[in-house]
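See structure below.
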Amino acid sequence: MLLAISLCLFISTVLRADTVEISGGGSLNGIVKRQAEFTVVAVDDEIQVAIPNSRVRRVVESDSLANYRANAEKAGNDAELHYQLAVWCATPGSIPGVSDYYKRFHMQRAIELDPDHPHARASLGYKKQNGKWISTADFWRNRGMISVAGKWELPEAVSLNDAAQSFDVESKKWIKEISRLVGIATKGSSKSAEAIASIKAIKDPLAAGAIAKQLKDSRGNRSQTIVMRRLWITKLGEFKNGVSVRALVEAGIDEPDDNIREAALEELQHYGSSSAVATYLPMLKANDHALVNRAARALSWFPDPELAMSYVDALVTTKTTQGPAGPGMNVGFGDNGANGMSTGGQPAINKDTKTNPAVYALLREIEPEADFGYDEAKWQAYFASKKTSFSGDLRRDK
């Protein structure tokens with residue numbers, strides 16, 4: 001409001017005057033007198049405004065606004081000229097001071113003179129709805145949106161974001177609390193039993209992330225006893241949520257301690273088996289014999305005859321590695337018949353083919369009556385025949 005009043009007074013009554021820009025927005029135009037504590041602006045012979053110097057951003061002398069004043073006088077009551085002047089004001093270097101003040105005033109003046117001026121309306125954040133111009137804020141509110149940090153979002157999305165932030169805060173609190181309890185429990189003091197009891201009593205699923213972190217951080221070192229680490233597996237099995245399942249699936253393949261790894265896989269049998277299979281099955285195609293066998297051992301906790309062909313394909317795998325280029329000389333021929341010679345051989349490709357005992361054991365688990373060793377072709381033929389066999393009579397009476 002102050003901006004509109006000040007610029008309007010300037011346009012209509014003061015064609016040669018200084019401009020006082022006010023901190024926080026707005027400006028006044030007139031004859032300026034600076035005093036110890038105030039800046040006095042004489043808008044005309046009857047109106048004077050005193051502004052505390054603490055609120056004065058700066059004073060722009062009239063000479064520096066000469067081009068603007070001439071253009072403003074020329075615009076008169078022409079909506080399009082006011083729109084063009086607004087665009088000119090927004091161009092860097094056209095006008096000193098906060099050009100947005102001037103731009104906004106002339107955009108507003110343009111729609112006062114021509115309410116349907118589309119470009120001025122768009123610049124001021126208006127949209128047309130059912131033949132009427134409404135502010136962007138009203139436009140989005142009519143569609144059920146709410147403004148959050150300057151962005152319009154659906155209430156459901158805001159609720160989900162708030163829930164996610166709350167989840168993150170609570171999860172971090174649990175990380176600190178469980179770290180504190182572990183510190184007490186591992187000291188072997190008189191309070192250790194109480195700390196362990198407190199851990200066992202945790203029921204909040206939001207603690208799953210903190211417990212998963214304890215399990216992972218203690219992996220492969222002696223920072224925690226086997227009893228403590230076994231407790232993490234038990235707690236994760238109790239929560240039955242995405243965080244706990246991911247932690248158990250990871251432990252089922254990466255955990256070096258046999259007891260902990262098998263405990264994780266046992267928990268996954270009760271909840272999370274589909275996630276486990278979906279994670280381990282692609283590992284049978286890995287370019288790593290050790291990983292293939294680890295994946296097969298993990299899959300043996302969830303044997304599925306429907307996946308037989310995937311098991312067979314992993315009975316024998318070839319690991320391919322690339323070695324450094326060896327010495328040698330290459331002869332090359334160009335398209336024009338020319339040839340050349342270069343030193344240095346091609347990188348060596350090393351292939352290491354091995355059988356995978358864990359995959360073989362998995363096949364025997366789902367088909368204890370069959371045994372074709374590591375002969376993939378015979379296993380494939382066997383399972384193919386099982387799928388195509390039919391014990392009924394295919395003949396139809398005529």
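Counting from 1, the numbers follow the sequence of the chain as shown.
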Minimum-distance pair of heavy atoms, taken over all atoms of [X] and [Y]:
X: Val359; Y: Asn293; answer: N-OD1, 4.4 Å
X: Ala210; Y: Ile178; answer: CB-CD1, 3.7 Å
X: Leu248; Y: Ala264; answer: O-CB, 3.7 Å
X: Ser275; Y: Val245; answer: CB-CG1, 3.7 Å
X: Leu291; Y: Ala286; answer: CD2-CB, 3.7 Å
X: Gly373; Y: Leu315; answer: O-CD1, 4.0 Å

For residues 190-203, which side-chain donor-acceptor pairs fall under 3.5 Å, sequence neighbours excluded?
residue, atom, partner, partner atom, Å
Ser192, OG, Ile184, O, 3.1
Ser192, OG, Ala185, O, 3.4
Ser192, OG, Gly188, N, 3.2
Ser192, OG, Ser189, N, 2.9
Ser192, OG, Ser189, O, 3.1
Ser198, OG, Glu194, O, 3.0

Keeping [X] on the side-chain end and [Y] on the backbone end, is there a donor-acceptor pair under 3.5 Å?
X: Glu255; Y: Asp257; answer: yes
X: Ser273; Y: Gln269; answer: no
X: Asp288; Y: Lys319; answer: no
X: Arg261; Y: Asp254; answer: no
X: Asn221; Y: Asp217; answer: yes
X: Asp371; Y: Arg364; answer: no
X: Glu376; Y: Val316; answer: yes

Run Ile253 and Met283 through side chain to side chain contact (heavy atoms under 4.5 Å, CB included) and show every step you take. CA-CA 10 Å; Ile253 194 74; Met283 293 180 182; 3.9 Å; yes
Any side-chain heavy atom of [X] sitting closer than 4.5 Å to one from [Y]?
X: Ile260; Y: Leu215; result: yes
X: Ile349; Y: Thr320; result: yes
X: Thr317; Y: Asn356; result: yes
X: Asn77; Y: His82; result: no
X: Tyr280; Y: Val249; result: yes

Which pairs with one or both residues in residues 221-277 pass ring-ring contact (aromatic ring centres under 6.0 Å, His included), sequence neighbours excluded?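 Counting only pairs at least two positions apart or across chains, no ring-ring contact (aromatic ring centres under 6.0 Å, His included) contact touches residues 221-277.
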Where at least one partner belongs to residues 351-370, residue pairs that pass ring-ring contact (aromatic ring centres under 6.0 Å, His included), sequence neighbours excluded: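 Listed once each, the pairs are Tyr360-Tyr374.
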How long is the straight-line distance from [atom2] of [Y] back to [atom1] of [X], given to the nearest 0.5 Å?
X: Leu181; Y: Thr186; atom1: CG; atom2: OG1; value: 10.5 Å
X: Thr355; Y: His289; atom1: OG1; atom2: NE2; value: 9.0 Å
X: Phe383; Y: Glu367; atom1: CZ; atom2: CD; value: 4.5 Å
X: Phe38; Y: Ser54; atom1: CZ; atom2: OG; value: 8.5 Å
X: Ser171; Y: Lys213; atom1: OG; atom2: NZ; value: 13.0 Å
X: Leu206; Y: Ile175; atom1: CG; atom2: CD1; value: 11.5 Å

Stepwise side chain to side chain contact (heavy atoms under 4.5 Å, CB included) test for Arg104 and Ser123: CA-CA 9 Å; Arg104 187 170 184 81; Ser123 177; over 6 Å; no
Cluster check Ile366, Val312: I/L/V/M/F/W/Y, side chain < 4.5 angstrom: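 The answer is yes; both residues are in one hydrophobic cluster.
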Same hydrophobic cluster for Leu363 and Phe372, using side-chain heavy-atom links shorter than 4.5 Å among ILVMFWY?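 Per the 4.5 Å side-chain linkage, Leu363 and Phe372 are co-clustered.
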Who pairs with Asp114 by side chain to side chain contact (heavy atoms under 4.5 Å, CB included), at least two apart in sequence or on another chain?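 For Asp114, the residues satisfying side chain to side chain contact (heavy atoms under 4.5 Å, CB included) (neighbours in sequence not counted) are Ala79, Asp116, His117.
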Using the side chain to side chain contact (heavy atoms under 4.5 Å, CB included) rule, take Asp313 and Leu284 through it: C-alpha gap first, then chi angles, then the decisive distance, then the call. CA-CA 8 Å; Asp313 289 342; Leu284 294 180; over 6 Å; no
Any side-chain donor-acceptor pair under 3.5 Å between [X] and [Y]?
X: Asp352; Y: Thr321; answer: no
X: Glu112; Y: Gln108; answer: no
X: Asn71; Y: Trp88; answer: no

Side chain to side chain donor-acceptor pair (under 3.5 Å) pairs, two or more places apart, involving residues 234-253: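 Listed once each, the pairs are Arg219-Glu250, Arg230-Thr234, Lys235-Glu238, Asn241-Ser244.
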Pick one: which of Lys187, Glu177, Gln224 meets side-chain contact (heavy atoms from CB on, under 4.5 Å) with Val182?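 Between Val182 and the candidates, side-chain contact (heavy atoms from CB on, under 4.5 Å) is satisfied uniquely by Gln224.
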Enumerate, atom names and distances included, each donor-acceptor pair closer than 3.5 Å involving a side-chain atom of residues 298-308, sequence neighbours excluded.
residue, atom, partner, partner atom, Å
Ser300, OG, Arg297, O, 2.5
Asp304, OD1, Glu306, N, 3.0

Derivation and outcome, side chain to side chain contact (heavy atoms under 4.5 Å, CB included), residues Tyr83 and Met107: CA-CA 6 Å; Tyr83 169 73; Met107 288 294 183; 3.5 Å; yes
